[in-house]
*Asks:* 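Have a look at this one.
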Amino acid sequence: MSTSILSVRIFAYLVVEAVVLLFSLGLVSRLVNREQLQWEEHVVSSLYLAFAVKSTLALVLTYLKLNNLFSYLAISIMMLFLLYRGYPVFLQDISQRLISPLTRRGRTEIILIGIAAIFFSPILASSIRPIQETDSLFFFNAMFDWLKGNDMPYSSHLFGYPAYWELTFLPAMSVVGSDQMLWLNPLLAVAGIMLAQFALARQVGLETKVAFLLAVAGIALKVYWVDNSGIATVKNDMLQAGGLLLLTLGGVRAVQDRLTPATGLMVALGLISASAKYGGMITGVAGLGLMMLFTLPALWQARTSVLLWGLLTGVSFLSTTGGYYLRNAVMHGNPLYPMQLDLPGNISLPGSLLLQGTAITDNLADPNLWRTLSNEFYVGGIVLPLSIVVSLTLIVGMIIIALADKVLKRPPIFSRGIVFLVTYTVLGLALYARSFWSAGTAYGNYSFLIQIGSLLRYASAWVLLGEVLLFFIIARARLDSHVQVVLLGLIIGSRLQHLYAHEIHAAANAPYYSLGPLATCCALLVLLAIVRNRAAIQIGLVTTGLIGMLIVSPLVFEHNRAFWLPAWAPAQQYFLDADEAHIAVFHNGSTEEGWPSKIAVTGRNFQHHVTLLRDRDLPESQAASVDYVVRLANPFTPPKHNASERDAAFLQEQGYTIEVMTDYVIIAVPEDQTGE
């Protein structure tokens, strides 16, 4: 695929993404029926609705085997037609709800936005790269099979997990025909986290600038950018975190007796997004039950509307993530299969994975657990333990005060919304401590706790909720907002320092810490400050900056591709721009063992047909017209020299000629092809 064609396809994908978001904005506007929503609540609901739209479209097109550029463009045109025909006042409504509030930002808020852009731009640039995290390599190849029509989401996804999140990547893969834009989807999920926390902070009464900095501190957590999760992966941790925050936002609105369509939409979308992960499913359902307990009288009074929204939520849930849980329940007798579940009353739901001793609660009596926790708190940036510990202390204190008010029959100090927020945060942390592998893989094996990223990527929503409560208390104590801003600046600076320290050591990322991004963002900041009262110019500048970033991103991506998994570099270089070929990746274990290695030989534009086969199937591969046979060793473990030599000798015995051989990579061709 030529550079010009690729550029056109990237532009087409950005149009598809924009149309889906525009359609979602219009649909939310229609559903809430001109309810007085804050702009951030409208946008965050629309963003998570856009995820649902993309996932559903990709699921349908996968089963129809129509994942291609023309299908998504045709659907986008249909969406634009529906917007024009169904929502004649849509643009005016969006202008009043969204654009006008944004143009009324003060100089201080504009400066804060500019500073955030300055310090996050290098981190973002270093995150625009191919996926190389272990689980993402597994998931990508399931997605690749769906794209090619070789398999279907309900039959091939790893461990039977919901494929809801992974399906949202298919529009990028189908329309672009490359992996260059896969980073945009996780970035939108991080934006969803930021918007949801900002909306929650505003919901509890925090000032706009404090709420904004709180949300910036939230997304500055390392887990959202690098390592086991983050933008350079296809992991669903960010979707789960944002979903739980959105569900919490809907819950706070509900307990404030705001049982409106907007509240129902937030709860439904939050539950669907959170349930993309097993732990999120459990915590999301628990939050739904907690919300019902808090609002039982109001729910009964509005039972007709509640029943209608309950049915809509149930149908939406079953057609997205719930279908996978139903499938597991029918096929295996356990909705969370393969996790074996031990329930009260000696009831056990079958599973192939035994979970004894893997949770934090299984190891509470072990002093090594507490030593590990105290040691690892400091890994997340020096202010991270402060925010977590103080937040937890405040939560416990608020619970004691609320109980005392109840017993002594005093007027409550905290609103029902705050009490719900506190209770759900405690419940979420408790469920996390009881969750699968929260401590490790066996008694005394604290492999997950040893890495703060693994700890926080499952529980980050509760860290963010705890920090909202922390600054709520600070605001209630009438501490000056300037002091709050300074404290938040320390938290943000600490977390950014932790991010920079992680990324700056990588040679691939060094150019992004030059003066280029800094100078660009400073110029944009000055322009924004100058034209703060000129809405059209201000919006134009921001739009131009975003479009410029998207245009440049493929160049950044290809720069970072050169540093992708050095152990597999010979295979990638060999097949990256080669003509279409049938490549067999052979291995000695289960089919799943070979999944991660397929990504290295798919080619830049997914042009190759890749199959998996075991060594015993090699004699049949020549009859299947295989052009290449590839053996790739695990790039995350030390090389096995004897294994590579043994595999090379085995291939030669089977009539193959070795063209490339390293400790990690073997590329062979049938002898009849070499003779040609």
Side-chain angles (χ1 to χ4, degrees), residues 129-142 144-145 148 150-151 156 158 179 508 560-676:
R129 59 191 179 198
I131 57 174
Q132 59 184 36
E133 182 268 336
T134 309
D135 288 345
S136 296
L137 298 178
F138 273 92
F139 295 150
F140 172 84
N141 289 284
F144 181 68
D145 285 339
K148 295 290 187 180
N150 298 328
D151 220 328
S156 68
L158 190 66
D179 57 353
N560 289 338
R561 193 196 291 276
F563 300 91
W564 181 81
L565 292 179
W568 283 353
Q572 185 195 31
Q573 293 165 2
Y574 197 97
F575 295 110
L576 190 64
D577 293 308
D579 293 335
E580 182 179 348
H582 182 187
I583 302 169
V585 178
F586 94 95
H587 56 95
N588 298 317
S590 63
T591 301
E592 287 78 9
E593 181 186 307
W595 269 13
S597 57
K598 287 172 62 177
I599 190 173
V601 296
T602 56
R604 190 193 306 274
N605 302 314
F606 309 142
Q607 68 266 33
H608 303 304
H609 174 59
V610 184
T611 57
L612 298 177
L613 72 161
R614 286 172 289 190
D615 51 7
R616 67 189 182 196
D617 300 322
L618 271 176
E620 302 175 7
S621 65
Q622 293 189 47
S625 301
V626 172
D627 299 308
Y628 299 92
V629 173
V630 179
R631 177 71 161 114
L632 300 174
N634 188 338
F636 303 107
T637 59
K640 298 179 180 179
H641 300 278
N642 294 336
S644 61
E645 293 174 0
R646 183 189 66 237
D647 290 338
F650 175 74
L651 282 169
Q652 289 174 322
E653 290 173 4
Q654 298 298 322
Y656 292 87
T657 299
I658 306 299
E659 292 205 350
V660 175
M661 179 178 173
T662 70
D663 290 334
Y664 290 94
V665 176
I666 300 174
I667 300 175
V669 297
E671 287 183 347
D672 58 350
Q673 290 190 25
T674 58
E676 293 176 0

*Asks:* Determine the minimum heavy-atom distance between L565 and Q132, stating which atoms define it.
*Replies:*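 Looks like N-OE1, 3.6 Å.
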
*Asks:* In the structure I gave you, are the side-chain heavy atoms of Q572 and W564 within less than 4.5 Å of one another anywhere?
*Replies:* yes

*Asks:* Going from CG on D647 to CZ on R631, what distance comes out if it is rounded to the nearest 0.5 angstrom?
*Replies:* 4.5 Å

*Asks:* Can you name the residues that form a side-chain contact (heavy atoms from CB on, under 4.5 Å) with I658, not counting sequence neighbours?
*Replies:* A648, L651, Q652, M661, I666, A668

*Asks:* Looking at V669, is its backbone amide N or carbonyl O close enough to the side chain of E659 to form a donor-acceptor pair, meaning the two atoms are under 3.5 Å apart?
*Replies:* no

*Asks:* Does any part of the side chain of V601, heavy atoms only, come nearer than 4.5 Å to the side chain of V585, both counted from C-beta?
*Replies:* yes

*Asks:* Any chance you could measure Q573, atom CD, to W568, atom CH2, to the nearest 0.5 Å?
*Replies:*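 One finds 14.5 Å between CD of Q573 and CH2 of W568.
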
*Asks:* Could you grab the distance from atom CG of L137 to atom OG of S597, nearest 0.5 Å is fine?
*Replies:*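 The CG atom of L137 sits 9.5 Å away from the OG atom of S597.
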
*Asks:* Check side-chain contact (heavy atoms from CB on, under 4.5 Å) between N634 and all other residues, then give those that pass, not counting sequence neighbours.
*Replies:* F636, T637

*Asks:* What pairs with E133 under side-chain contact (heavy atoms from CB on, under 4.5 Å), at least two apart in sequence or on another chain?
*Replies:*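 Partners of E133 under the side-chain contact (heavy atoms from CB on, under 4.5 Å) test: D135, S136, T233, K235.
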
*Asks:* Kindly determine whether D179 and R604 satisfy salt bridge (Lys or Arg N to Asp or Glu O under 4.0 Å), including the steps that lead there.
*Replies:* CA-CA 7 Å; D179 57 353; R604 190 193 306 274; over 6 Å; no

*Asks:* Please enumerate all residues that pass side-chain hydrogen bond (donor to acceptor under 3.5 Å, both in side chains) together with T662, with sequence neighbours excluded.
*Replies:*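 If we apply the side-chain hydrogen bond (donor to acceptor under 3.5 Å, both in side chains) test to T662, skipping adjacent residues, there are no hits.
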
*Asks:* Could you walk me through whether K598 and D145 satisfy the side chain to side chain contact (heavy atoms under 4.5 Å, CB included) test, starting with their C-alpha distance in whole Å, then the side-chain angles of each, then the deciding distance to 0.1 Å, before giving a yes or no?
*Replies:* CA-CA 10 Å; K598 287 172 62 177; D145 285 339; 2.9 Å; yes

*Asks:* Listed by chain and number, what are the side-chain contact (heavy atoms from CB on, under 4.5 Å) partners of A567, not counting sequence neighbours?
*Replies:* P635, Y664

*Asks:* Measuring from atom CD of E580 to atom NE2 of H608, what distance do you get when rounded to the nearest 0.5 angstrom?
*Replies:*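 With rounding to 0.5 Å, CD (E580) is 8.5 Å from NE2 (H608).
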
*Asks:* Rounded to the nearest 0.5 Å, how far does NZ of K148 lie from OG1 of T602?
*Replies:*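 Output value for this atom pair is 8.5 Å.
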
*Asks:* Does the side chain of I131 come within less than 4.5 Å of I599's, by heavy atoms?
*Replies:* yes

*Asks:* In terms of ring plane angle, is the pair F606 and F144 parallel, tilted or perpendicular, where the classes change at 30° and 60°?
*Replies:* perpendicular

*Asks:* Quick one: list whatever passes salt bridge (Lys or Arg N to Asp or Glu O under 4.0 Å) with D663, sequence neighbours left out.
*Replies:* none

*Asks:* Is the ring pair F586/F650 parallel, tilted or perpendicular, if the boundaries are 30 and 60 degrees?
*Replies:* tilted

*Asks:* Tell me, do T611 and H582 make a side-chain contact under 4.5 Å, heavy atoms counted?
*Replies:* yes

*Asks:* Please name the pair of heavy atoms, one in P570 and one in I667, separated by the smallest distance, quoted to 0.1 Å.
*Replies:*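 In terms of heavy atoms, the two residues are closest at O-CD1, 4.3 Å.
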
*Asks:* Minimum heavy-atom separation for D627 to P670, with atom names?
*Replies:*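 D627 and P670 have their closest heavy atoms at O-CD, 3.6 Å.
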
*Asks:* How long is the span from the CG atom in N141 to the CG atom in D151, to the nearest 0.5 Å?
*Replies:*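 These two atoms lie 12.0 Å from each other.
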
*Asks:* Which label fits Y628 and F575: parallel for a plane angle under 30°, tilted from 30 to 60°, or perpendicular past 60°?
*Replies:*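 Aromatic pair Y628/F575 classed perpendicular.
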
